[in-house]
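Residue numbers run from 1 in the order of the sequence given. Heavy-atom basis, side chains included; hydrogens, waters and symmetry copies ignored.
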Amino acid sequence: MSRISKAFENKKAFIAFITGGDPDLETTEALIPRMAEAGADIIEIGIPFSDPIAEGTAIQAADERALNAGTTTDKLFEMIKRVRAKVDIPLVFMTYINPIYAYGTEKFAKKCAECGIDGMIVPDVPFEEKEEVDSICEMAGIELVSMIAPTSKERIGMIASQAKGFLYCVSSLGVTGIRSRITTNIKEMIEQVRTVSDIPCAVGFGIATPRQAHEMAEVSDGAIVGSAIVKMIEKYGKNCIEPVCEYVKEMKAGI
């Protein structure tokens, strides 16, 4: 059983997102083990990129801060390798196809495996074009996490039937960011998934409060939170570890 599968075993999972290298790599390296201790079941690490098309203003700004601090993909790999010696929970990269191609797809997947990355999310690669990335991930033992959205509709069954790790259910149209209300019928989306697969389904985009996390976890297998954490990191900078970990505890309790 993979680490990702174990994260959902007999419980609802809390998945926390941070941008690697925001505000600097040293803070990220210290933060990941503490978030795991605070209750994060999976940690998504965004590779900073100059054109993150799925991201709202909070994560765009975090990418800029990380890049300005000198974060590179190779430095992230080195940092993750050190962190992996301290944490057992799954670590998943969130990135885009351009940085993967620029690095070299096969080399990128191999480096992910070497440093202990369990999965990869690439939001700008549609299901129909995922084969090249998926095949190389499979050879490296990395699970390529698929996404479904409110607009996926008749494609949901097709995507779910081939999904690995967990299925990332996008709760709202548009980019990442905090939303006061989530109006998508997540239950209906997951019922469609269940007709073809029992893969864990986690809901992301817009979740910021323990109540929202609880509501999403009631109809799914877990909740993903990114922008709310990233905004805390922006507010506190290098002193973000304690407030972020308190927030993680609250969200895990909500779930």
Side-chain angles (χ1 to χ4, degrees), residues 3-20 22-23 27-46 54-59 61-62 83 86-94 118-119 121 145 147 165-172 175-184 186-187 189-190 200-237 239-255:
R3 280 197 197 101
I4 292 176
S5 296
K6 284 180 183 172
F8 291 93
E9 197 174 28
N10 303 318
K11 67 175 186 293
K12 307 284 186 172
F14 176 61
I15 304 172
F17 171 93
I18 56 172
T19 297
D22 175 33
T27 305
T28 302
E29 185 171 347
L31 183 58
I32 292 171
R34 291 289 304 281
M35 289 171 74
E37 287 173 15
D41 297 296
I42 298 174
I43 296 177
E44 261 183 58
I45 301 142
E55 313 300 356
T57 54
I59 296 175
V83 166
K86 302 173 186 175
V87 301
D88 292 326
I89 67 166
L91 302 175
V92 175
F93 268 149
M94 172 89 157
D118 299 281
I121 303 167
V145 174
M147 305 177 88
F166 68 93
L167 197 57
Y168 192 128
C169 303
V170 177
S171 71
S172 312
V175 294
T176 56
I178 297 168
R179 288 163 173 82
S180 57
R181 289 178 67 238
I182 295 169
T183 56
T184 300
I186 300 295
K187 187 171 183 285
M189 286 172 67
I190 291 170
C201 297
V203 184
F205 279 52
I207 299 168
T209 67
R211 181 180 176 82
Q212 285 175 325
H214 178 76
E215 288 170 355
M216 292 300 103
E218 278 193 315
V219 295
S220 73
D221 300 299
I224 305 163
V225 176
S227 294
I229 294 171
V230 167
K231 285 175 84 69
M232 293 184 82
I233 293 170
E234 179 181 21
K235 180 179 178 181
Y236 293 101
N239 299 314
C240 68
I241 293 175
E242 293 304 328
V244 167
C245 289
E246 281 305 309
Y247 177 75
V248 168
K249 286 176 186 173
E250 289 172 14
M251 294 300 281
K252 178 65 178 178
I255 286 172

Engineer: Could you tell me which residues satisfy side-chain hydrogen bond (donor to acceptor under 3.5 Å, both in side chains) with Asp118, sequence neighbours excluded, listed by chain and number?
Structural biologist: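 Applying side-chain hydrogen bond (donor to acceptor under 3.5 Å, both in side chains) to Asp118 gives Arg3, Arg84.
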Engineer: Please report the closest heavy-atom contact between Ala40 and Ala16, naming both atoms and the distance.
Structural biologist: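 Looking at all heavy atoms of both residues, the closest pair is CB-CB, 4.3 Å.
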Engineer: Under the side-chain hydrogen bond (donor to acceptor under 3.5 Å, both in side chains) rule, collect the residues that match up with Lys252, sequence neighbours excluded.
Structural biologist: Asp41
Engineer: For Phe93, give me all partners under ring-ring contact (aromatic ring centres under 6.0 Å, His included), at least two apart in sequence or on another chain.
Structural biologist: Phe77
Engineer: Could you pull out the closest heavy-atom pair between Val170 and Met189, with the gap in Å?
Structural biologist: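 Closest approach of Val170 to Met189, heavy atoms only: O-CE, 4.0 Å.
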Engineer: For the atom pair SG (Cys201) and NZ (Lys187), what is the distance rounded to the nearest 0.5 Å?
Structural biologist: 13.0 Å
Engineer: Between OG of Ser227 and CZ of Phe17, what distance do you get to the nearest 0.5 Å?
Structural biologist: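 The OG atom of Ser227 sits 8.0 Å away from the CZ atom of Phe17.
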Engineer: Checking Val145 now: which residues fulfil side-chain contact (heavy atoms from CB on, under 4.5 Å) with it, not counting sequence neighbours?
Structural biologist: Ile121, Phe166, Tyr168
Engineer: Let's go through Leu31 and Ile233 carefully: what are the C-alpha distance in whole Å and the side-chain angles of both, what is the deciding distance for side chain to side chain contact (heavy atoms under 4.5 Å, CB included) to 0.1 Å, and is it a yes or a no?
Structural biologist: CA-CA 10 Å; Leu31 183 58; Ile233 293 170; 3.9 Å; yes
Engineer: Could you work out, with side-chain contact (heavy atoms from CB on, under 4.5 Å) as the rule, every residue matching Lys86, not counting sequence neighbours?
Structural biologist: Glu29, Pro33
Engineer: Taking side chain as C-beta onward, heavy atoms only, is Phe8 less than 4.5 Å from Ile15?
Structural biologist: yes
Engineer: With rounding to the nearest 0.5 Å, note down the distance linking SG in Cys240 to CG in Asp22.
Structural biologist: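 Answer for the SG-CG pair, Cys240 versus Asp22, is 8.0 Å.
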Engineer: Do you know which two heavy atoms are closest between Thr28 and Gly20, and how far apart they sit?
Structural biologist: OG1-C, 4.0 Å
Engineer: Which residues pass the salt bridge (charged side-chain N to carboxylate O under 4.0 Å, His left out) test with Glu250, sequence neighbours left out?
Structural biologist: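 Applying salt bridge (charged side-chain N to carboxylate O under 4.0 Å, His left out) to Glu250 gives none.
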Engineer: How far apart are the closest heavy atoms of Ala208 and Gln212, and which atoms are they?
Structural biologist: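 Heavy atoms of Ala208 and Gln212 come nearest at N-OE1, 2.8 Å.
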Engineer: Between atom CE of Met147 and atom SG of Cys169, what is the distance when rounded to the nearest 0.5 Å?
Structural biologist: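 If we round to the nearest 0.5 Å, Met147:CE and Cys169:SG are 9.5 Å apart.
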Engineer: Would you say Ile190 and Asp221 make side-chain contact, with heavy atoms under 4.5 Å?
Structural biologist: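 A side-chain contact under 4.5 Å is absent here.
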Engineer: Which residues satisfy the side-chain hydrogen bond (donor to acceptor under 3.5 Å, both in side chains) test with Glu242, sequence neighbours excluded?
Structural biologist: Arg34
Engineer: For the pair Ile18 and Met35, evaluate side chain to side chain contact (heavy atoms under 4.5 Å, CB included) and give the outcome as yes or no after the intermediate values.
Structural biologist: CA-CA 10 Å; Ile18 56 172; Met35 289 171 74; 3.9 Å; yes
Engineer: Measuring from atom CD1 of Ile224 to atom CZ of Phe14, what distance do you get when rounded to the nearest 0.5 angstrom?
Structural biologist: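 Taking CD1 in Ile224 and CZ in Phe14, the distance rounds to 10.0 Å.
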Engineer: Could I get the full list of side-chain contact (heavy atoms from CB on, under 4.5 Å) partners for Ala223, not counting sequence neighbours?
Structural biologist: Ile207, Ala213, Ile255
Engineer: Drop me the distance from Ile32's CD1 to Ile241's CD1, to the nearest 0.5 angstrom.
Structural biologist: 10.5 Å
Engineer: Could you report the tightest heavy-atom contact between Ile43 and Ala36, atom names first, then the distance?
Structural biologist: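 Residues Ile43 and Ala36, closest heavy atoms: CD1-N, 4.2 Å.
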Engineer: Show every side chain to side chain donor-acceptor pair (under 3.5 Å) that has at least one partner inside residues 9-20, sequence neighbours left out.
Structural biologist: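 Found none.
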Engineer: Nearest heavy-atom pair of Ala38 and Cys245: which atoms, and what distance?
Structural biologist: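 Closest pair (atom of Ala38, atom of Cys245, distance): CB-O, 3.6 Å.
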